[in-house]
Amino acid sequence: LSGNRIPVVQGTLDLLILKAISDGEFHGLGISRRIEQMTRGAFHVTPGSLFPAVHRMEEAGWLLSQWGESENNRRAKYYRLTRSGKGHLETETGAWKKVVLAMGHALKAT
Amino acid sequence: MKDEIDAELREHMQMCIDDNMARGMSREEAGRDARLRFGNPTVMRERVSAEDAALGLESLWQDVRTALRVFVKSPGFSLVVVATLALGIGVNTAIFELLDALRLRALPIAAPSELVELRIVGGNGGFGVTDGPFDNFTVPMWQEVREKHDPLSGVLAWRRSDVLVGKPSESRSVYGLEVSGDFFSVLGVTPWRGRLIEPQDEAGCQLTKVVASYAYWRSQMGGEPITANTTIVAEGRSVQVLGVTPPSFGGMVVGDRFDLAYPTCTPPMPRREMFIYSVMGRLKPGWSVKQASEYFDALSPGLFEKTAPDGYSTEALKSFRAFRLAAYPASAGVSNLRDMYNSSLTILLAIAGLVLLIACANLANLMLARASVRKREVALRMALGASRGRLLRQTLLESALLATCGATLGAVLAQPLSRVLVNSLNTSQNTIHLTIVADWRVMLFAAAAATATCVLFATLPAIGSTNADPVASMKSGERGVIGNRERFSVQRAMVITQIAVSMVLLVGALLFVRSYRNLLTLNPGMRESGITIGYFGFPPPKIRPENLAAYKRQLVDDVRAIPGVQNAAATTNVPLSGSSWSHHVQVGPIDGPSKFTYISPSYFATLGIPLLTGRNFTERDTIDAPLVLVVNQEFIRKYIAAGSPIGQQVHVRPEPRYPERTYEIVGTIPDTKYGGLRDGTTPMAFVPIDQLPVTAQGPGMAMMFASSDQAAAERAVRRMFVEKHPGTNMQFYDFEQGILDNLVGDRMMARLSGFFGTLAGLLVAVGLYGMLSYYLAQRRGEIGIRMALGASRGRVIGSMLRDAGMMLLIGLIAGTVLALFAGRGASSMLFGLKPWDATTLAGAAVLLGLVTLVSSLFPAWRAATVDPITCIRVE
């Protein structure tokens with residue numbers, strides 16, 4: 001395991017997953033690879049966190065899933081955003097930006 | 001669904017292996033690395049499926065299957081729970097079904113909610129003559145309302161009046177329903193066969209046309225088709241049967257039926273003081289019951305002015321003119337059963353509910369005990385990743401399934417139980433015809449009872465069992481001490497509640513049983529056993545009214561002459577039968593009502609009533625002799641201000657058929673009961689039957705005769721009448737049986753509350769025994785150590801008993817308070833004792849104390865006989 005990995009910040013997993021599949025359909029492993037890639041390898045999502053999360057998000061109506069063929073001829077379940085998932089991504093992104101800004105100010109303050 | 005999750009995870013694993021192999025690992029290495037990263041697949045699957053379907057049907061079905069498997073594994077437990085619930089819910093539902101049938105269910109007529117009954121507000125206060133419990137209208141009053149009824153689209157009148165059917169020699173009376181011409185059309189009852197009574201049938205006052213009820217048509221007329229020539233013999237002549245009413249229609253009285261309905265008639269000279277009809281109507285759209293009442297209230301002064309009867313004193317008529325009519329909802333018909341048993345059934349429902357509550361507490365204890373046995377399993381499942389919610393749901397589901405099974409069985413049981421209840425209210429003379437059906441209200445009630453019980457007996461143990469810390473539970477296993485104090489106190493609270501509730505039930509049971517016993521052993525002041533009542537109707541040719549007195553005297557003499565008949569007497573009013581006859585009297589300055597009975601001189605001897613002072617009537621007290629009275633003590637207390645009652649003049653106000661008279665008191669008797677056993681003492685006056693006003697004489701009489709063999713005496717009397725007075729109509733009743741029949745409601749309360757009280761006691765015994773045994777199992781090690789250290793058996797037993805005694809004491813105190821509170825609701829139903837009767841309270845407390853002692857002795861004794869060595873070794 002590479003040294004620059006940090007644990008996923010609590011409460012951000014949903015946002016990461018939403019962002020990861022915002023531009024296409026991904027299966028489980030695809031989502032976890034995409035998150036690793038997007039965060040330049042900082043976050044690694046284990047299957048134990050990923051699968052309960054996507055299933056919960058599907059129940060919540062943010063994701064849709066369907067079975068398909070993977071790149072090397074394996075059957076896999078592909079996830080994509082729903083309309084309400086897109087909306088949720090937008091509001092959560094806005095909220096997160098505020099958090100980052102606020103945290104930044106807080107930590108810069110002397 | 002499960003498979004899909006498995007497939008998804010499996011494919012994921014495979015992809016990881018593919019990845020690893022692409023990076024150059026060997027197949028085994030790649031697989032090992034992927035599994036390592038993946039983590040525990042079972043936990044993972046559980047967690048994913050928990051997210052997927054927290055409320056999904058699929059896992060629910062799985063839980064149901066698990067629950068069923070649990071039941072199959074412990075059939076004894078499941079059977080006990082289901083049987084307890086089925087009985088508890090069944091009994092509750094049965095009583096509710098009866099209440100529903102009596103009170104809530106609408107008549108089988110069109111739009112029953114529009115039906116209203118018209119009554120005098122507060123009743124007629126004993127004015128005039130009232131025929132039956134629902135007879136609120138005189139003929140003139142009915143005629144007035146028939147003309148003026150703006151709020152009602154249609155009005156109808158009816159009354160119960162029996163019809164004699166069959167040839168005169170073998171005639172018998174059947175239940176008759178006299179109805180106005182509009183009766184069936186206003187109710188919207190459609191004929192089953194032929195046609196029903198219509199307005200044009202009201203023409204003559206001779207019975208010429210009848211309509212049969214479905215039951216009568218099937219059983220007595222063979223269900224033959226109704227044609228223009230269908231006739232039966234009724235009231236001595238052939239009458240046409242117009243049609244048949246539908247099977248659902250049994251008349252306007254709940255719990256009653258009728259055989260034949262026939263049209264009313266308007267006699268040219270109706271008796272204006274006889275209240276004979278019940279009058280109902282259908283509200284026009286837009287009128288409320290209140291508005292209708294206001295309308296009839298406004299109508300009342302004119303109506304009662306116009307319909308006032310003649311022959312009364314001005315004072316009496318003043319009360320008649322002050323009557324006010326009002327409308328009352330009548331969608332469920334009228335019912336004296338309802339009036340008689342409404343409060344009894346409500347109390348019974350409360351009692352049955354409390355029994356169910358005790359049973360629930362027992363079941364909760366059982367569940368708790370079982371939960372502690374299953375603690376290890378639960379702990380293991382939690383350690384393996386099952387969520388608390390899921391386990392909680394599983395436990396609740398098991399209970400819900402048990403409750404559902406119990407409720408379903410209970411609802412099925414309720415039908416026969418309800419029928420048993422109805423049959424227990426039947427008397428020798430009167431059979432109750434209630435249709436007991438499980439309608440939506442009953443179903444709703446059973447469902448509500450099941451839900452309530454489920455919540456009561458299941459929630460607490462379920463929460464308790466999932467609250468435990470898995471590690472601690474696994475360590476301590478099934479014999480743990482952790483958390484026991486807490487759980488044990490919950491169980492203690494439940495046992496205390498059980499004792500308190502049983503105290504209420506036992507007090508209730510003792511009160512009702514003692515009240516019934518008081519009624520049974522009550523001395524009414526007259527002979528009850530071996531007395532037969534005979535009602536005789538004289539055949540035509542009509543005897544002239546002035547000769548009737550002599551004829552009746554002859555009949556009494558004929559009966560007295562029969563061997564086997566000890567004595568016989570005629571009377572105008574049979575005591576303890578519920579009927580009543582009063583006149584308004586004035587003695588000097590004091591006036592008021594008194595009961596009046598016209599009797600043969602042999603009456604007091606026949607009924608064993610002693611004469612206290614003065615003289616009895618003799619044959620010489622005829623209508624031409626001075627008018628004489630025998631009065632009871634209450635009459636003297638109320639009307640004789642001073643001096644000896646003998647010789648006092650009693651003035652009687654005039655009434656129709658009963659002219660104004662002045663009597664002289666010639667004798668006094670002790671107070672005896674009059675209308676019923678529950679009635680208090682009332683002023684009573686007796687007049688020789690020969691002095692009954694000629695205008696009041698009728699072609700019939702009641703006779704009471706004493707014998708040692710009633711059946712033989714009845715046969716002999718019958719034979720004598722057939723030989724010497726052929727054509728006489730005869731009906732015989734047993735006096736004592738009639739009195740007992742009037743106590744049927746008290747008997748039901750005594751029996752059922754006694755039964756429930758016993759059941760409550762048993763349930764408490766089982767609950768206490770179970771809890772103490774459980775407690776003992778928990779404390780085995782401790783007791784073993786104590787005994788090894790030298791504690792004596794007595795001390796061990798003592799400590800267990802002290803514990804039980806403490807719970808008993810708290811339960812008894814709480815129960816007494818509750819019983820005193822609850823007793824107020826029952827006080828009107830008790831006879832001869834108050835709900836706060838000290839003997840009863842003490843009796844119930846002693847009974848419960850005995851129950852507690854017996855059920856705690858065995859566990860305590862077992863505790864004291866444990867072998868210390870084995871105990872400690874097990875530990």
Side-chain angles (χ1 to χ4, degrees), chain A residues 1-2 5 7-8 10-11 13-14 16-18 20-21 24-37 41 43-80 82 85 88, chain B residues 1-25 27 29-60 62 382-391 393:
Chain A
L1 299 173
S2 36
R5 273 196 186 160
V8 176
Q10 196 136 34
L13 181 60
D14 286 10
L16 282 173
I17 294 172
L18 287 171
I21 61 169
E25 276 192 340
F26 292 86
H27 52 64
L29 192 61
I31 297 172
S32 107
R33 280 187 198 139
R34 178 99 179 99
I35 290 175
E36 237 177 302
Q37 183 198 348
F43 292 157
H44 174 75
V45 185
T46 60
S49 316
L50 179 74
F51 283 105
V54 290
H55 280 257
R56 172 166 42 77
M57 290 164 76
E58 191 181 355
E59 289 283 307
W62 300 332
L63 309 183
L64 265 184
S65 69
Q66 87 187 70
W67 285 93
E69 291 272 304
S70 79
E71 51 271 34
N72 40 13
N73 295 331
R74 294 214 175 271
R75 268 166 52 76
K77 218 171 172 186
Y78 282 85
Y79 295 89
R80 65 184 159 80
T82 61
H88 191 68
Chain B
M1 198 76 199
K2 270 269 131 83
D3 297 341
E4 220 174 288
I5 294 168
D6 278 343
E8 188 181 10
L9 297 178
R10 202 170 48 237
E11 294 298 331
H12 179 92
M13 180 90 93
Q14 283 304 325
M15 279 189 236
C16 288
I17 296 173
D18 289 351
D19 262 19
N20 282 345
M21 282 169 68
R23 277 193 213 132
M25 290 188 199
R27 176 163 279 280
E29 225 179 331
R32 211 176 68 86
D33 179 70
R35 275 195 295 277
L36 249 169
R37 289 183 197 218
F38 196 79
N40 182 341
T42 318
V43 172
M44 179 95 158
R45 199 185 59 192
E46 276 287 318
R47 282 176 56 195
V48 173
S49 57
E51 292 297 348
D52 241 21
L55 289 164
L57 275 175
E58 201 131 343
S59 64
L60 194 69
Q62 197 201 359
M382 278 177 93
L384 285 175
S387 72
R388 220 188 125 205
R390 184 78 194 276
L391 282 177
R393 196 180 74 178

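Labels below follow one simple rule: chain letters A, B, ... track the order of the sequence lines, proteins then strands, and each chain is numbered from 1.
- Taking all atoms of both residues into account, the shortest heavy-atom contact from E11(B) to R75(A) is CG-O, 2.9 Å.
- At least one side-chain heavy atom of L29(A) sits less than 4.5 Å from a side-chain heavy atom of C16(B).
- When all heavy atoms of H12(B) and F51(A) are compared, the pair lying nearest together is ND1-CZ, 3.3 Å.
- Annotation: maximal heavy-atom pairing with chain B below 4.5 Å, among G28(A), G48(A), S65(A), S32(A), occurs at G48(A).
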